[in-house]
K.L.:
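Please find one structure pasted underneath; my questions will follow.
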Amino acid sequence: MVTVKVYINGKLIGTTEEPEAFVKEVKTRRRSNELTHELNITYYEDNNEIFIFTDPGRARRPLVIVENGVSKLTDEIIDKVASGEMKWFDLIHEGIIEYIDAEEEENAYIAMFEEDITPEHTHLEIDPSTMLGICAGIIPYANHNSSPRNTMEAGMTKQALGLYVSNYNLRTDTRAHLLHQPQMPVVKTKSMVSTEYDKRPSGQNFVVAILSYQGCNMEDALVMSKGSLERGLGRSSFFRSYEASERRYPCGQEDHFEYPESMVRGYRSEEVYKNLDEDGLINPEVPVQSGDVLIGKTSPPRFLEDVDEFGTVAERRRETSVTVRHGEHGVVDKVILTETIEGSKLAKVKVRDHRQPEYGDKFASRHGQKGVVGLIVPQENMPFNEEGMCPDLMINPHAIPSRMSIGQIIEMLAGKAGCMIGQRIDGTPFTGMPEDEIKCLLRENGFETHGREQLYNGITGERFRAEIFIGVAYYQKLHHMTSDKVYARSRGPVQVLTRQPTEGRAREGGLRFGEMERDCLIAHGAALSLKERLLD
């Protein structure tokens with residue numbers, strides 16, 4: 001007889017000689033509400049160990065219980081739920097549905113659909129797409145993609161611009177992005193309905209052609225139509241908030257918001273103060289550049305000053321104004337004057353910057369196909385079809401085969417069909433509209449079933465020899481934008497201690513020319529450039 005150890009939350013509390021019966025008893029009691037439904041139990045036969053977990057923070061998901069090859073979620077119960085007689089927790093209390101954690105799932109045999117159930121099955125998926133979380137749930141036809149692409153997309157969804165809160169106008173977040181015209185995706189999933197994604201979507205529907213364009217979309221670069229951008233595609237605003245308060249110091253001294261006088265220590269040029277009022281605050285809707293003062297402020301001196309010739313202490317105040325960050329610009333959006341908890345003055349200034357897609361801005365579809373803008377083409381040079389319609393975006397054909405993100409191909413077909421019939425298509429993984437139905441819709445609307453069309457070269461007007469795959473896909477603008485990252489420096493600040501340049505873009509830091517960069521110059525034979533850079 002084998003003795004099996006029993007652990008609760010990793011602590012050994014006893015042993016049992018009938019592990020199967022013990023586990024069955026615990027599960028039965030949990031399902032009949034004698035034990036908490038937050039408990040999970042797992043039996044590992046190889047190690048002769050039973051683990052019981054009740055600790056918080058475990059990822060758990062609901063499944064329908066199956067006994068003797070029959071699902072406990074019968075049609076009568078579904079009708080009761082639909083009519084509102086039974087609620088979600090009633091299903092749990094009556095042992096119809098239970099929450100399973102990752103450990104207990106090891107011992108479960110889960111059927112995807114009710115027709116798949118055999119006597120061996122222990123559970124049934126409520127809907128196959130419920131195995132996905134919020135982020136993965138918005139990927140249409142995710143079951144046709146390779147798993148790393150779905151993982152990448154789940155990460156990128158969080159970086160997409162949209163309407164991040166509805167009261168952004170009243171908030172002073174340090175930094176915030178806002179997409180100007182978010183659209184609901186043509187191809188939707190059931191998860192989107194549950195999470196109400198449609199109320200605050202984070203992307204736009206692009207007409208996409210899979211076509212290489214003069215080599216400008218190599219390596220995942222994207223080619224975009226200038227006409228589309230001028231019509232407002234992918235536009236967003238960036239908000240940054242600055243704040244300052246009148247701090248109080250020992251000895252009764254304090255900071256002051258004011259227009260700094262020219263005698264204060266560290267007085268900048270008159271130019272940077274030109275937008276301030278006499279209270280030291282800037283006005284809304286004033287354009288500002290990097291280095292312009294937003295809040296004029298002076299502080300008491302750090303040390304006691306020298307005695308002047310009259311025997312009195314001349315107090316020279318320091319200039320400690322708040323300026324626009326290095327490399328940023330925009331328009332003052334809001335100026336708020338309020339007070340801190342201690343009752344001293346507090347000023348907040350919100351600056352907004354209007355962003356139009358430019359070279360190097362990052363976009364991604366919902367299938368992990370991310371890329372940066374490599375070329376913006378005038379509308380007259382874009383390829384067009386026989387009706388004169390141009391794509392908004394062109395992606396490289398090489399982005400598809402090795403990555404196996406077939407979900408995007410199906411989404412483009414479905415999006416095209418949805419646009420023609422003026423309806424949204426259900427692209428829920430496992431249960432969405434099948435490919436054959438999409439093809440029928442395309443055929444009925446006078447398109448080729450495989451989504452390919454004859455396109456004409458926008459520059460020469462000649463017909464392309466190959467047919468080009470073109471459809472409608474939902475693309476997201478991500479918050480990695482060129483204007484936040486572009487950086488160069490000639491001379492700039494150095495650290496006091498080591499006299500080396502400061503570090504980082506925000507502090508006007510130096511660009512490190514490291515060993516590998518040095519090796520490149522040696523390999524090029526550009527020894528004099530190297531001598532100039534590292535010595536002179």
Side-chain angles (χ1 to χ4, degrees), residues 164-165 167-178 236-303 305 314-355 479 483-484 487 489 492-493 496 502 504-509:
Y164 71 108
V165 284
N167 65 340
Y168 66 91
N169 204 20
L170 308 172
R171 294 169 56 116
T172 54
D173 302 276
T174 311
R175 35 175 295 171
H177 289 274
L178 203 73
S236 62
S237 283
F238 171 63
F239 296 94
R240 186 182 288 282
S241 299
Y242 299 84
E243 60 175 73
S245 61
E246 290 189 342
R247 279 184 52 198
R248 298 208 172 108
Y249 298 93
C251 318
Q253 294 177 309
E254 56 181 21
D255 295 341
H256 292 307
F257 289 158
E258 59 185 350
Y259 191 105
E261 296 171 3
S262 55
M263 44 190 289
V264 296
R265 279 219 171 125
Y267 181 81
R268 301 156 199 256
S269 68
E270 206 170 302
E271 180 70 12
V272 298
Y273 299 115
K274 66 179 186 291
N275 298 317
L276 297 186
D277 280 354
E278 53 270 23
D279 64 353
L281 299 181
I282 198 164
N283 287 309
E285 298 305 321
V286 172
V288 288
Q289 298 295 325
S290 108
D292 286 4
V293 174
L294 300 171
I295 303 169
K297 188 175 82 158
T298 61
S299 305
R302 287 209 180 110
F303 312 106
E305 300 294 311
E315 186 192 76
R316 280 188 73 195
R317 295 180 67 82
R318 295 180 292 131
E319 203 269 2
T320 50
S321 300
V322 175
T323 60
V324 179
R325 284 176 66 145
H326 170 67
E328 291 191 6
H329 57 85
V331 176
V332 178
D333 189 60
K334 241 191 177 76
V335 180
I336 299 168
L337 190 59
T338 171
E339 58 177 37
T340 60
I341 304 165
E342 291 86 43
S344 48
K345 260 194 204 171
L346 173 69
K348 293 190 173 190
V349 177
K350 192 170 169 188
V351 178
R352 79 168 183 267
D353 182 19
H354 180 241
R355 301 273 175 90
H479 65 222
S483 46
D484 295 322
Y487 179 55
R489 111 163 197 165
V496 183
T502 51
R505 174 178 182 262
R507 294 188 290 179
E508 289 189 65

K.L.:
Shortest non-hydrogen contact from Glu328 to Phe238?
P.N.:
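Here Glu328 and Phe238 meet closest at OE1-CE2, 4.1 Å.
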K.L.:
Using side-chain hydrogen bond (donor to acceptor under 3.5 Å, both in side chains) as the criterion, point out the one residue from Glu258, His256, Arg318 that pairs with Thr298.
P.N.:
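Filter result, single survivor: Glu258.
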K.L.:
Look at Glu285 together with Arg352 and state whether they make a salt bridge at an N to O cut-off of under 4.0 Å.
P.N.:
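Between Arg352 and Glu285 there is a salt bridge, with a charged N closer than 4.0 Å to a carboxylate O.
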K.L.:
For Gly291 and Val272, which heavy atoms make the closest approach, and how far apart are they?
P.N.:
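Reported closest heavy-atom pair: O-CG1, 3.8 Å.
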K.L.:
Taking it one step at a time, do Leu294 and Val324 satisfy side chain to side chain contact (heavy atoms under 4.5 Å, CB included)?
P.N.:
CA-CA 7 Å; Leu294 300 171; Val324 179; 3.8 Å; yes
K.L.:
State, to 0.1 Å, how close Ala244 and Phe257 come at their nearest heavy-atom pair, and which atoms those are.
P.N.:
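Closest approach of Ala244 to Phe257, heavy atoms only: O-CZ, 3.3 Å.
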K.L.:
Could Arg355 and Asp484 be called an ion pair, given the rule that one side-chain N must be under 4.0 Å from one carboxylate O?
P.N.:
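Yes, charged N to carboxylate O under 4.0 Å.
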K.L.:
Could you give the distance from OG (Ser321) to OH (Tyr273), rounded to the nearest 0.5 Å?
P.N.:
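It is 4.5 Å, given to the nearest 0.5 Å.
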K.L.:
May I ask you to test the His177-Tyr164 pair for a side-chain heavy-atom distance under 4.5 Å?
P.N.:
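The answer is no; the side chains never approach within 4.5 Å.
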K.L.:
Please report the closest heavy-atom contact between Pro301 and Arg316, naming both atoms and the distance.
P.N.:
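Here Pro301 and Arg316 meet closest at CB-O, 3.6 Å.
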K.L.:
Would you check if there is a donor-acceptor pair between the side chains of Asp277 and Tyr259 at a distance under 3.5 Å?
P.N.:
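Side-chain D/A pair, Tyr259 to Asp277: absent.
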K.L.:
Please report the shortest heavy-atom distance between Glu508 and Tyr487, naming the atom on each side.
P.N.:
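Residues Glu508 and Tyr487, closest heavy atoms: C-OH, 2.9 Å.
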K.L.:
Once you round to the nearest 0.5 Å, how far does NZ of Lys350 lie from NZ of Lys334?
P.N.:
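Result: 6.0 Å between the selected atoms.
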K.L.:
How long is the span from the NZ atom in Lys297 to the CZ atom in Arg317, to the nearest 0.5 Å?
P.N.:
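Output value for this atom pair is 10.5 Å.
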K.L.:
Is there side-chain contact between Lys348 and Ser241, with at least one heavy-atom pair below 4.5 Å?
P.N.:
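Side-chain contact under 4.5 Å: no.
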K.L.:
Determine whether Glu342 and Ser344 satisfy the following criterion, side-chain hydrogen bond (donor to acceptor under 3.5 Å, both in side chains), listing intermediate values before the conclusion.
P.N.:
CA-CA 6 Å; Glu342 291 86 43; Ser344 48; 4.8 Å; no
K.L.:
For Glu319, is there an ion pair with Arg268 - N to carboxylate O distance below 4.0 angstrom?
P.N.:
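Yes, this pair counts.
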K.L.:
Is the number of heavy atoms from other residues, nucleotides or ligands under 6.0 Å of Arg247 CZ greater than 12?
P.N.:
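Atom CZ in Arg247 is not packed in, count stays at 12 or less.
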K.L.:
Can you tell me if Thr502 and Arg507 form a side-chain donor-acceptor pair at under 3.5 Å?
P.N.:
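Absent: no donor and acceptor within the cut-off.
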K.L.:
So which heavy atom on Leu346 is nearest to which on Ser245, and how close?
P.N.:
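The pair with the smallest heavy-atom distance is CD1-CB, 3.8 Å.
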K.L.:
Run the side chain to side chain contact (heavy atoms under 4.5 Å, CB included) test on Asn283 and Val335 for me, step by step, so that the C-alpha distance in whole Å, both residues' side-chain angles and the decisive distance to 0.1 Å come before the verdict.
P.N.:
CA-CA 7 Å; Asn283 287 309; Val335 180; over 6 Å; no
K.L.:
Test side chain to side chain contact (heavy atoms under 4.5 Å, CB included) on Leu281 and Ile295; report intermediate values, then the result.
P.N.:
CA-CA 5 Å; Leu281 299 181; Ile295 303 169; 3.8 Å; yes
K.L.:
Between Glu243 and Ile336, does a side chain to side chain contact (heavy atoms under 4.5 Å, CB included) hold up when you go through it step by step?
P.N.:
CA-CA 9 Å; Glu243 60 175 73; Ile336 299 168; over 6 Å; no
K.L.:
Using distance alone, with no hydrogens and no angle criterion, decide if Ser299 and Thr320 have a side-chain donor and acceptor under 3.5 Å apart.
P.N.:
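Yes, Thr320 and Ser299 have a side-chain donor paired with an acceptor closer than 3.5 Å.
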K.L.:
Taking the side chain as every heavy atom from C-beta outward, state whether Asp255 and Pro300 have any pair of such atoms under 4.5 Å apart.
P.N.:
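Yes. Closest side-chain heavy atoms under 4.5 Å.
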K.L.:
Testing Leu178, Asp353, Asp173 for side-chain contact (heavy atoms from CB on, under 4.5 Å) with Phe239, which one passes?
P.N.:
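With Phe239 as partner, side-chain contact (heavy atoms from CB on, under 4.5 Å) holds for just one option, Leu178.
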